[in-house]
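Residue numbering restarts at 1 for every chain, and letters A, B, ... go by the order of the sequence lines.
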Amino acid sequence: MPKAFDPQAIEAQWYARWEADGLFVADAQSDKPKFAMCFPPPNITGELHLGHALQTAVYDTIARYRRMTGDEVLFLPGYDHAAIATQNVIEKQLAKEGLTKEQIGREKFDERVERWYEQTGATIINQLRLLGASMDWTRLRFTMDSRYYRSVMTAFVAFYEKGWIYRAPRIVNWCPHDRSAISDLEVEWQEHQDTLYFIKYPIDGGGDVTIATVRPETMLADTGVAVNPADKRYKSIIGKTAVLPLVGRKLPIVGEDAVEAEFGTGALKVTPGHDPLDYEIGQRHGLEMVNGMHEDGSMNVPGLPYDGMDALEARRRIVDDLKAQGLLVKEEPYTHEVGHCDRCHSIIEPLISEQWWLRMEEMRDNSVAASAAGQVRWHPERYERTYLDWLRGLHDWNIGRQLWLGHRVPVYYCENGHVTVSVERPDTCAKCGSATLEQDPDVLDTWFSSALWPFATLGWPDDTDDLEAFYPTDINCTAREIINLWVSRMIMTGLDFMGEVPFADVVIHCVVQAADGRRMSKSLGTGVDPRDLLAKYGADALRAWATSVAMSSQDVRFDESRVEGYRRFCNKLWNATRLILSSPGTQTAQAPGFIERQEHLEDRWILSRLSNAASAVKSGIDTFAFQDSINAAYAFAWNEFCDWYLEAIKDRLREGDASAQDVAYHSLDNLLRLLHPMMPFVTEELWSRLPGTRDYVMRQPWPDPRFVDPEAEEQFGLVIKIVEEVRGHRQAAGAPPRGGALELDRSVGETVANLAARLAHVELVDELGAVGTPLAVVAGKVSFPAGTGDARRERERKRLQDDLDKTQARLANPDFRDRAPAEVVANLEERATGLREALERLTARE
RNA sequence: GGGCGGUUAGCUCAGCUGGCUAGAGCGCCUCGCUUACACCGAGGAGGUCGUUGGUUCAAGUCCAUCACCGCCCACCA
């Protein structure tokens with residue numbers, strides 16, 4: 001066995017063996033309880049980042065744990081076509097070659113997309129494997145594969161037939177670069193420093209009204225002016241008509257509660273074609289709707305000099321012209337939020353567009369009711385409110401996109417204007433039989449297809465075994481930024497199509513930030529490639545780090561040294577195993593009940609501590625507090641098993657003592673099982689090296705040791721205390737690492753005394769001789785031959801005295817004695833006694 | 001504008017329903033290459049728990065306030 005742990009040497013081969021032996025394949029026919037998780041399909045836009053690694057670690061920990069606790073686990077992998085994101089990636093590639101997608105045409109574009117999907121899909125799968133994700137690759141799904149496509153079409157048709165899908169012109173978020181509408185959730189708001197322009201609009205029959213706007217170019221599409229009816233300044237002009245400068249259009253002046261009298265001048269130019277609020281005002285007052293912009297964001301104002309200009313240029317010209325006419329009253333600096341496309345970062349233009357909409361009322365109500373009924377549990381709980389708040393304010397969902405890529409809307413038009421909606425492409429029109437059919441050019445929002453993930457991956461709409469066995473799934477674990485975009489929609493569609501929520505628990509993991517607190521991103525150069533970390537520290541170390549942070553707080557700054565720490569932990573486990581295996585005669589004779597028969601104090605102690613660790617690890621995973629699990633296992637392994645137990649049994653191991661071997665093997669075997677879900681590779685490797693016929697650790701039952709021995713814990717605790725004090729004195733006295741004499745009170749007992757003396761490397765004596773200065777320890781005293789004094793004593797005395805003073809002061813307070821629980825008072829009194837005794841020893845036994 | 005989270009050792013973070021002598025890892029200092037591990041062992045320094053008030057016998061832990069930092073939501077031109 002090599003002296004040091006080397007992750008590279010073991011990981012790949014274990015993964016290959018697990019997969020070859022079908023450890024990850026779920027059996028829908030199994031009679032075990034079913035446990036299912038559909039892995040959130042990563043966007044197929046590039047490599048996985050640290051957040052994915054963290055998420056994968058969480059999922060896989062649960063998957064492996066559940067297999068060990070006896071469930072039939074389906075852990076289903078897949079990836080997402082991410083239409084708008086992928087389109088942007090390909091466009092950027094093309095741009096590097098000096099091309100545009102229009103130049104190469106749809107066919108060539110599709111080829112590029114295919115190639116991209118193949119490459120990136122393979123990269124993603126490879127990365128998941130490197131992380132040790134125990135996914136059922138026989139069930140790998142892609143949101144664009146033919147079966148998934150059919151699920152998406154089926155969902156669309158079903159919604160359509162319920163009358164929930166309709167087509168209508170509405171104001172939408174228009175991305176001029178992608179030339180597509182996007183949903184509210186895909187708009188990213190950024191602060192901009194702009195100018196607020198105050199513009200005078202003349203009123204028919206005399207007078208004028210001044211409005212304020214940051215976007216003068218949109219005035220070309222103004223069709224009204226609105227003021228608050230309660231605003232005394234403007235009462236008299238309601239009902240009159242303003243004249244739009246530069247255009248000459250007549251603008252009705254209307255009274256409208258939505259207008260804030262305090263903002264700007266209190267008068268609002270109404271542009272129903274280019275502003276959501278104005279759109280509503282226009283609807284209410286029957287104002288004309290003018291579309292002043294083309295799909296690419298250029299001005300669409302035939303007959304005016306600004307026609308065809310891009311918006312910013314038009315703005316400059318308009319401002320100049322207004323100045324020239326004396327209509328620009330003033331300009332003020334103005335800071336506000338401007339919407340950008342979250343994929344290409346272009347400024348969003350709100351404009352009127354004919355789009356496909358999905359009514360959400362019923363699905364929303366059902367989801368709210370499901371929450372009220374406790375059908376979905378959120379971790380941490382607070383996110384349920386985030387989700388419900390968003391649901392309650394939900395509007396109809398714009399599901400159409402004008403992209404080149406995605407699921408085409410299954411709506412067909414014949415030459416006679418009839419509409420056929422159908423999952424499969426129809427040969428003829430359903431109404432007139434015409435064979436000349438044209439499909440709607442729109443594609444669906446990517447999130448429309450993702451929303452179906454938990455059941456579409458299992459075969460829906462077909463009545464498959466998988467669907468029967470594994471729906472509803474159990475857990476969805478994701479980042480909070482995706483709660484509304486994805487989680488909420490899965491819940492809604494799950495309830496609608498399957499009649500049940502798609503998962504019982506939603507687990508929101510933390511966001512990993514760069515070390516300096518900025519967000520991790522490739523463009524900022526703050527990203528960390530998980531593959532670098534895997535190469536440096538191994539998958540187990542990365543995963544252990546991930547489980548230690550995933551659920552501990554809302555955000556975590558990445559700290560590479562913590563990953564490194566877990567690699568050392570792997571090495572520690574490795575060497576502990578090496579020590580135990582080096583014991584001669586490695587037969588293990590663990591007969592049933594061998595635990596209860598242990599005589600050595602250290603054996604009883606470590607078995608008791610093991611039970612304690614096991615229950616902590618289990619409850620951590622069960623409650624999604626993975627940090628508690630990894631911390632408990634780490635502390636047990638390092639600070640108890642290695643630091644104390646192995647040190648205590650070294651001699652026995654060297655002699656080939658069978659009982660020491662039994663307990664050591666048993667403890668290590670259990671420890672490796674406890675750690676396996678979080679650190680699969682190193683635990684599999686080490687476990688396989690233990691004596692006996694070995695299968696895979698993941699197929700072993702989850703350990704449930706219940707040997708609790710309070711007496712052994714107390715006695716061994718005393719050993720630890722004595723040893724630590726002797727060591728402290730030794731170093732403070734500058735004595736050599738070994739040697740010296742220890743005298744202990746009879747009350748300590750032989751077992752404890754012998755063990756303590758051995759571990760502290762001192763000789764146990766009945767009475768301390770005249771050599772050196774005697775130094776007090778918890779139940780006796782120690783002296784060293786080469787002792788140079790006791791630098792420690794004064795400091796220790798002060799610490800004890802301070803502590804005692806504080807404790808006595810608290811005890812002296814009558815209110816404390818009256819009101820604090822008896823137990824707390826008793827504890828404090830006990831402590832005071834202990835401190836007093838310690839002080840006495842320190843002075844009396846010099 | 002509304003909501004949520006954070007502010008604890010030099011750094012990254014734990015501290016559940018108030019009882020702490022405030023912990024861990026990394027870093028730092030001093031010893032030690034002792035036949036599992038120098039990817040190690042032993043010892044140690046280092047914090048008035050963001051501010052100001054309050055509740056309580058007792059507050060890092062509860063309440064209020066302010067200040068920063070971060071996130072989510074939102075149709076103020």
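No engagement by A/Asp389 is indicated, since no non-hydrogen atom pair under 4.0 Å with the nucleic acid exists. Within the 4.0 angstrom heavy-atom criterion, no nucleotide atom of any strand lies near A/Ile482. Within 4.0 Å of A/Asp184, counting heavy atoms only, lies no atom of the nucleic acid at all. When heavy atoms are screened at a 4.0 angstrom cut-off, A/Glu647 is found touching base atoms of the nucleic acid. Contact annotation for A/Lys650: base contact, defined as any heavy-atom pair under 4.0 Å involving a base atom. Contact annotation for A/Phe198: no contact, since no heavy-atom pair falls under 4.0 Å across all strands. Using a 4.0 Å heavy-atom criterion, one finds that A/Pro350 contacts no nucleic acid atom at all.
Comparing B/C75 with B/U8, their C1' atoms sit 42 Å apart, to the nearest whole Å. The P atoms of B/U12 and B/G27 are separated by 15 Å, rounded to the nearest whole Å. Across the P atoms, B/G43 and B/G23 are found 15 Å apart, a figure rounded to whole Å. Using atom C1' as the reference point in both B/A59 and B/G15, the two lie 14 Å apart (nearest Å).
The pair A/Arg817-A/Glu829 meets the salt-bridge criterion, with a side-chain N (NZ, NE, NH1 or NH2) lying under 4.0 Å from an Asp/Glu carboxylate O. A salt bridge does not link A/Asp802 with A/Lys806: every distance from a Lys NZ or Arg NE/NH1/NH2 to an Asp or Glu carboxylate oxygen is 4.0 Å or more.
Side-chain contact between A/Leu251 and A/Asp222: present, with at least one pair of heavy atoms (C-beta onward) separated by less than 4.5 Å. Within the 4.5 Å cutoff, no side-chain heavy atoms of A/Tyr387 are placed close to those of A/Val487.
Protein atom CG of A/Asp516 is 14 Å distant from nucleotide atom P of B/C11, rounded to whole Å. Nucleotide B/G41 holds its P atom 5 Å from the CH2 atom of A/Trp638, rounded to whole Å. Atom CG of A/Asn813 and atom P of B/G19 are 18 Å apart (whole Å).
Using modelled atom types, one finds a donor on one side chain and an acceptor on the other under 3.5 Å when comparing A/Ser583 with A/Gln661.
Between A/Glu384 atom CD and A/His379 atom NE2 the span is 10.0 Å, to the nearest 0.5 Å.
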Legend entry - Strand RNA chain B in bracket notation, Watson-Crick/G-U under 3.5 Å with | for pairs to another chain: (((((((..((((.....[...)))).(((((.......))))).....(.(((..]....))).))))))))....

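For A/Arg385 and B/C4, the shortest distance from a side-chain N or O to OP1 or OP2 is below 4.0 Å. Contact annotation: A/Ser553 does not reach the phosphate of B/G5 (side-chain N/O to OP1 or OP2, under 4.0 Å).
Summary of the strand contacts: A/Trp390 and A/Asn631 both lie near RNA chain B, and taking for each the nucleotide with the nearest heavy atom, the more 5' one is attributed to A/Asn631.
The side chain of A/Ser561 lies closest to B/C26, out of B/C26, B/C4, B/G41.
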